[in-house]
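What follows is one structure encoded as structure tokens, with my remarks underneath.
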Amino acid sequence: MDNETGLPPELTHADIKEMLIRLKQSEARLDMVVSSTKLGTWDYKPLTGELLWSKECREIYGLAPGVKIDFELFVKQLHLADKQHVLELIQQAMDPKGDGTYDMSCRILRYDDGSERWVRSQGKVTFNLLGQVEFFIGTILDITESRLSAEKSARLGAIIDSSEDAIISKTTEGIVTSWNSSAERTFGYTSEEMIGQSILKLLPPERLEEEPMILARLRNGERVEHFETVRVTKYNQKINVSLSISPIKDAQGNIIGLSKIARDITEKKQEELRKNDFIAMVSHELKTPLTSIRTYIQVLLAKSKNEEDVFKMNALTRADAQAKKMTSMIHDFLSLARLEEGKIRITKEEFELHDLIEEIASDAQFLTTSHNVKVVDCKDIRINADRDKIGQVLINLLSNAIKYSPKGGTIIIGCAKNDNNLKIYVSDEGVGISANDQKRLFDKFYRVKDEKIKTISGFGIGLYLVAEILRYHNTEIKVESMEDVGSTFYFMMKCS
Ligand code: ADP
């Protein structure tokens, strides 16, 4: 020891100065931590009964600066349900046989407005040589918000777990991050087996490209809803599912994950399949007699032309147009059945569009006297596509234009060419379609429920077929429409 200062002799004044500076720096750092985290500190001396609270601690409790705090007052504001437990923990911490640590979360009632808050307090007891508590110091933090959000996520978790649908979340790389009980029931894998694994485990090999396609659609801001597809269970069973997928975004709007709701629709699909089989069978049976009727009409038509019998000619031309309409409806039913079985085949050829459009427009004109069907700008355009299927698309669009314009008006089937980009459109002056219905128009069996058109019959498959046929041609059907003004359906194609 240094005789004068009582300090170890090796410490110089410069050392002490340095230590004091360091101490000041640590204090400043601690102050910063305390004020940035709103961490309260307290100091309890059981021997004298003294209790000291920092400014932050008083703020947490809502205790005014001038009010003196003591142990009794502190206990008074503990929530009744937690009081006993907290007192026991304090006793345990002050037991010299224990390790002198204290850590608890409890509810308190603020002094100023009586409002309930959750706090977490941690402390350390120091004992003197007699085993008495010399001081008991600690910190306190208001954890109400995090506690509430934990409760909220627990509630959400319970809802997700009780859902009938499989609810799964995954990273953008397709790694599963959550898996609810229904996902377990649907796919057979437990959450332990799936969390951390790739979602590709559920995809049949022929559908592996669906994952990047879905992600690309979400990145484009598109919604993926009621996407019907096939997945494989743990037991190698294929099931039909309907998927609705939405992006999980961070505060900046970047996609950081995906949440997916999968519904097992195997039953529904089987029901549809049975319906399709029935439709296909009936349609097939109707085709032969109808072809025969049309042949007789053609023969009679030729005969009445020779005989120059105008009345018979007109009547037979109309009968032929109606029989042709029936043929195209049967054609639609058969296409639907083929589509469902994945048997639709596109046979592309290069052809002159005008001939096809003229033929369809004049057939359509035979079906109506209250509409004027016009062909606009379709000359000298050649496209490479399946002629029959594009014909089927146009027949559907044109017959809808007639059907849904009960007051008549002009119907245009037209082309707009820009270099080799071609827009083909069908416009009418009919009842129009609301923005809401426009979203679902191309779904299978979807029909608008509206007073104005409730007497117009149909099956809701025409536009679905149009959309599917065009999808097979790598293009898309679009609609612009205004209620009571009219609609324009159009799609783009390459032309020469
Ligand atoms: P369908 O005509 O047999 O009901 P579609 O699939 O062809 O079936 O059409 C689906 C629905 O879209 C129709 O029920 C109708 O409400 C609406 N729709 C189709 N075309 C038009 C149109 N040109 N104008 C107004 N509504 C239309």
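Atoms within each ligand, like the ligands themselves, are counted from 1 in listed order. We use all heavy atoms of the structure for the numbers below, so side chains are in, but hydrogens, waters and symmetry mates are not. The first residue of the sequence shown is numbered 1, and numbering continues consecutively from there.
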Which ligand 1 atoms does G462 reach within 4.0 Å, using its non-hydrogen atoms? 5 (P), 6 (O), 7 (O)

D165 and S163 have their tightest heavy-atom pair at N-OG, 2.9 Å

Considering heavy atoms of the protein only, find what lies nearest to atom 26 (N) of ligand 1 and give residue, atom and distance to 0.1 Å. I433 CG1, 3.3 Å

Backbone N or O of T139 within a donor-acceptor pair of the S121 side chain at under 3.5 Å? yes

For ligand 1, note which part of L397 has a heavy atom under 4.0 Å away: side chain, backbone, both or neither. neither

When you check the gap from the basic side-chain N to the acidic O, do E350 and R382 get nearer than 4.0 Å? yes

Atoms in ligand 1 flagged as close to K403, the criterion being non-hydrogen separation under 4.0 Å: 1 (P), 2 (O), 3 (O)

So, does S487 sit close enough to ligand 1 that a heavy atom of it is under 4.0 Å from the ligand? yes

Ring centroids only, cut at 6.0 angstrom: are F491 and Y425 within range, meaning strictly under it? no

Look at the rings of F187 and W179 and say which category their plane angle falls in: under 30° parallel, 30 to 60° tilted, over 60° perpendicular. tilted

State whether the shortest distance between N or O atoms of S457 and N or O atoms of ligand 1 falls below 3.5 angstrom. no

Close N or O approach (N400, ligand 1; < 3.5 Å): yes

Which of the numbered atoms in ligand 1 are under 4.0 angstrom from any heavy atom belonging to L441? 12 (O), 17 (C)

Please round to the nearest 0.5 Å and tell me the distance separating atom SG of C415 and atom CD1 of I383. 8.5 Å

Can you confirm, on distance only, whether ligand 1 has an N/O atom lying under 3.5 Å from any N/O atom belonging to G460? yes

How about E349: does its CD atom have over 12 heavy atoms from other parts shown lying under 6.0 Å from it? yes

In terms of residue, atom name and distance, what is the protein heavy atom nearest to atom 23 (N) of ligand 1? D428 OD2, 2.8 Å

Given I411, I453, L463, which has its nearest heavy atom closest to atom 9 (O) of ligand 1? L463

Under-4.0 Å salt bridge between E228 and K444: no

Option of least heavy-atom distance to atom 11 (C) of ligand 1 (set: F442, F459, Y446): Y446

To the nearest 0.1 Å, how far is atom 4 (O) of ligand 1 from its closest protein heavy atom, and which atom is that? R447 NE, 2.4 Å

Using the rule side chain to side chain contact (heavy atoms under 4.5 Å, CB included), only one of I199, L258, I261, L243 pairs with I168; which is it? I199

re atom 14 (O) of ligand 1, the protein heavy-atom contact at minimum distance is Y404 OH, 3.2 Å

Element-labelled atoms of ligand 1 that are located less than 4.0 Å from some non-hydrogen atom of I461: 6 (O), 8 (O)

Pair W118-E145, side chain to side chain contact (heavy atoms under 4.5 Å, CB included): steps then yes or no: CA-CA 8 Å; W118 272 95; E145 311 311 331; over 6 Å; no

